[in-house]
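Naming: A, B, ... by sequence-line order, numbering from 1 per chain. Any value given below was found using the heavy atoms of this structure, including those in side chains, with hydrogens, waters and symmetry copies removed.
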Amino acid sequence: MTGLEQLLGRAEELYRDLRFTAVSEWKKRNGGLAIGFMPVYVPRELLHAMGVLPVGVMGAGDDLEIIRGDAYYQSYICHLPRSTIELGLNGALDSLDGMLFPATCDVIRNLSGMWKMQFPEKYSHYLDVPQDFDANVGGQFYRRELEEIAEELHRRGARKLEPAALRKSIAAYNENRALVEGLYSLRIEEPWRVPTHELYLLLRAGNVLPVEEHTVMLRDYRAAVLADEDRRSMDQARVLLAGSFCEQPPLGLLRTLERAGCYIVDDDFVQVHRWITGDVRADGADPLADLVLAYLKQGIASPIRYIDEQVKGQALVERVERSGAEGVIFCAPSFCDPALLDQPMAVAAIERAGIPWTSFKYAENTGQFQVIREQAGTFADSIKLWSE
Amino acid sequence: MSKQATPGNVATAALKDQSQERQKAMIAEHFRKLAEAPERGEKCVYTFVPGNLTELIDSFGLLPVLPEINALQSGMRGKSRDYIGLAEKLGHSEDVCTYVKCDIGMLKSGNVGPTGERLPNPDLLLLSYTGCFTFLKWFELLGQEYNAPVAMLHVPYQGDGVVTDSMRTYVVDQLKKKVIPALERISGRAYDEEALKERLARSAKAEEDLVWVLESAKRRPSPIDAYFGGVYYIGPIFTAFRGTQDAVLYYRELRAEIEGRIALGKGPVTPDGEIENERYRLVVEGPPNWTSFRKFWQMFAEEGAVVVASTYTKVGGVYDNGFRHDPNRPLETLADYCMGCYTNLNLPTRVQMLERYVREYSADGFLINSVKSCNSFSAGQLMILREVERRTGRPGGFIESDLVDPRYFSASNIKNRLESYFQMIEQKRAGGA
């Protein structure tokens, strides 16, 4: 087995481990708190600086039969919260000392209250990120939110939040984000070197590994794929996949798209790694202010973020241009309000720019891909045959 | 007014109280003003029911338009099916809120309001993002459709069940720095705090009478239905009239009518007559279905089921916990109002509220009408059901429908479920006897 195969095997093992063993082991080694977070974004730097392991919880994919979780939700609500509840009830999240529920949508928001009732002994907090991006208005509110989280975690045994530690953590995540961004850039340049199903596994590994360990994994992967002479270019259509920012598609769906003739050259997966564009200032006198400012001014355009000054959909058009995508696949989870309400505006922008697109929906436990394969294959063929 | 509600009365004209007639006239006058607004050079502000800033808007001489109200009116007038269908043809997903699609469909069909007159385009979209994520997307969509400016008011959610100073300051800062300047720009008027205070004082008076009316349902028999009848009672205060003298008069008149009913020992009025024999006292969680509103109400009335308290009547403001608009702290009170709206409360608080209603209103049980469109309400309702049942020992019922999509209202299915539910209450009574 090559080093690359071992690395990917490890990443897939982490992805498939629905008992979060890596988290339990980290706790045994380090003795700190582990705090879970739901999609899309939380400032992991803050947790890290307090000696807390941030753990991304993104449902159970297609690997877990949902028994009790379905009893908590009506049929018209997405799949992610039901598998998350299932994980909570079956003990898989016992290693977590708490959960953060960022302001993603009403379903995740209400899950925060359900968590409080279901697991009253655990820390459970709704992270209300501001939709006002003025540093003196939304920034002040957000800072207080973060301070309250820090105070509560300290009460529960985490280290006190200190500026020096936060600066170091910001630097650690800057390095990590740069490596993720580097792999996205490499995929744009040479998509055959960085298949999306591999990149996705690496992103998911970052949900459970300490940032330092994940950074090593990213670096090793990059070196390995650059050295791999067997990876060759194929005649595939370059597509951007939009809408999968919360409930994640099953790995099989990504492989299906690639086998159907698509090079995915940009996507919305595990966006916590890419929410902040560029570096957060790591040498400022007030690093918490720098973290707040990064959220306000360096956040990506997303359906869950109010677009105050830009034109809706323009950021997506720019991403298409930047990535050299030849088409867009809107690939949203069923019943995902933010993605599906946003889609008509994104489609309008894409059409104005003359970019081909198609769309379908999935659930994290979708198991049949034949229809999607045919649709994606036809879309890829049409791009190859008819695009100028 | 003294007819007993029976199935045979369905096709007859609905019976109306004097206060309902007054409300109807107020609404007609408001829509007339809206229709004439472009001609008169008057400006209008689109905004939402939860967290609406009606007193502030009115203090600038601006007219509010509430898209949810237009959508529910379209549902009641049998227009929503076509509007939703049109929006779906235009690419709006079948999975998302039907209020949004109904509104988009209405816009694409000429934007004719409930009185048959064309609604004016918005001069401002006041996005009070309170208790519902979909609002944000809704006004992004309308912003594109109308090319209208948007003023965002982000109202923090009560995730931990409390309003902190930081949350209040955040809302007040946005009012001062974003919302008021936007209202000043489009109205051409300066912010007049005294004018706002006058309106807030009138709001408090109306709120006092509204709470009295809602709490009258603690009596046996209840003189009101606090869900189906309740949606009429909340009409003025949740929409364009809070802070107006008309609203003060409406609630005074409504209170007097209810006092009269209590004196005569009467039950609630329904469109098909009075409920003379109150057999079941219920608490209801969730919005009603609007496309078959009368039929839905009739399913309860025929069984002698009276809703004595509901959460939907708190969606545009929770007043029965003591909150009143306070003219002495005008912006802070608006902030507290916004943050206190029902869907801005976390689930544990909602459970506590339902538990309190079941006990204080001596309810036989509680029922959830879970609507497909509204995740803000619906996500978590099955847990609410179990929790309230556990805490109160009263049986919970669960039915599903939608706000304005008639495809999701199955009358026979709902009727069957309700009948089973009433049987369950009977069994519980028999078992407890």
* Structure fact -> In terms of heavy-atom pairs under 4.5 Å with chain B, the winner among A:Q140, A:H125, A:E148 is A:H125

* Asked: Thinking salt bridges, do A:D134 and B:K177 make one under a 4.0 Å N-O criterion?
  -> no

* Under 3.5 Å, is there a donor-acceptor pair between the A:Y76 and B:S370 side chains? -> yes

* Between CD on residue A:Q131 and CE on residue B:M152, distance to nearest 0.5 Å -> 5.0 Å

* **From CG (A:D106) to SG (B:C374), nearest 0.5 Å** => 7.0 Å

* **Pick from A:S334, A:C336, A:P303, A:S112 with the largest number of heavy-atom pairs that fall under 4.5 Å of chain B** => A:P303

* Structure fact -> Under 4.5 Å to a heavy atom of chain B? For A:S359 that would be neither

* For B:Y99, all residues meeting ring pair (Phe, Tyr, Trp, His ring centres under 6.0 Å), sequence neighbours excluded -> none

* Structure fact -> When the 4.5 angstrom heavy-atom criterion is applied to A:V347 and chain B, the contacting part is neither

Run the side-chain donor-acceptor check on residues 398-407 of chain B: report pairs under 3.5 Å with partners two or more places apart or on a different chain.
from	atom 1	to	atom 2	distance (Å)
B:S401	OG	B:N369	OD1	3.0
B:S401	OG	B:N369	ND2	3.3
B:D402	OD1	B:S373	N	2.9
B:D402	OD1	B:S373	OG	2.8
B:D402	OD2	B:T98	OG1	2.7
B:D402	OD2	B:S373	OG	3.4
B:D402	OD2	B:D405	N	3.0
B:D405	OD1	B:R407	N	3.0
B:D405	OD1	B:R407	NE	2.9
B:D405	OD2	B:R407	NE	3.1
B:D405	OD2	B:R407	NH2	2.7
B:R407	NH1	B:E88	OE1	3.3
B:R407	NH2	B:E88	OE1	3.4
B:R407	NH2	B:E88	OE2	3.0

* Asked: Where on A:Q74 is there a heavy atom nearer than 4.5 Å to chain B: the side chain, the backbone, both, or neither?
  -> both

* Between B:D173 and A:N136, do the side chains contain an N or O donor and an N or O acceptor separated by less than 3.5 Å? -> no

* Residue-level interface, residues 78-85 of chain A with chain B, non-hydrogen cut-off under 4.5 Å -> none

* Most heavy-atom pairs under 4.5 angstrom with chain A, which of B:C97, B:G91, B:S93? -> B:S93

* Asked: At what distance, to the nearest 0.5 angstrom, does CG of A:D70 lie from CG of B:L382?
  -> 10.5 Å

* Asked: So what's closer than 4.5 Å to chain B heavy atoms on A:E145: side chain, backbone, both or neither?
  -> neither

* **A:D342 bridged to B:K137 by N-O distance under 4.0 Å** => yes

* Answer whether the closest heavy-atom distance between the side chains of B:S376 and A:R109 falls below 4.5 Å. => yes

* B:L141 versus chain A, heavy atoms under 4.5 Å apart: side chain, backbone, both or neither? -> both

* **Qualifying salt bridge (charged side-chain N to carboxylate O under 4.0 Å, His left out) pairs, either residue in residues 152-161 of chain B, two or more places apart** => A:K116-B:D160

* So, A:R144 and B:T169: side-chain donor and acceptor under 3.5 Å apart, yes or no? -> no

* Which atoms of A:L127 approach chain B - backbone, side chain, both or neither, heavy atom under 4.5 Å -> neither

* Structure fact -> Of A:P338, A:C105, A:A348, the largest count of non-hydrogen pairs under 4.5 angstrom with chain B goes to A:P338

* Name the orientation class of the two ring planes belonging to A:Y126 and B:Y157 (parallel below 30°, tilted from 30 to 60°, perpendicular beyond 60°). => perpendicular

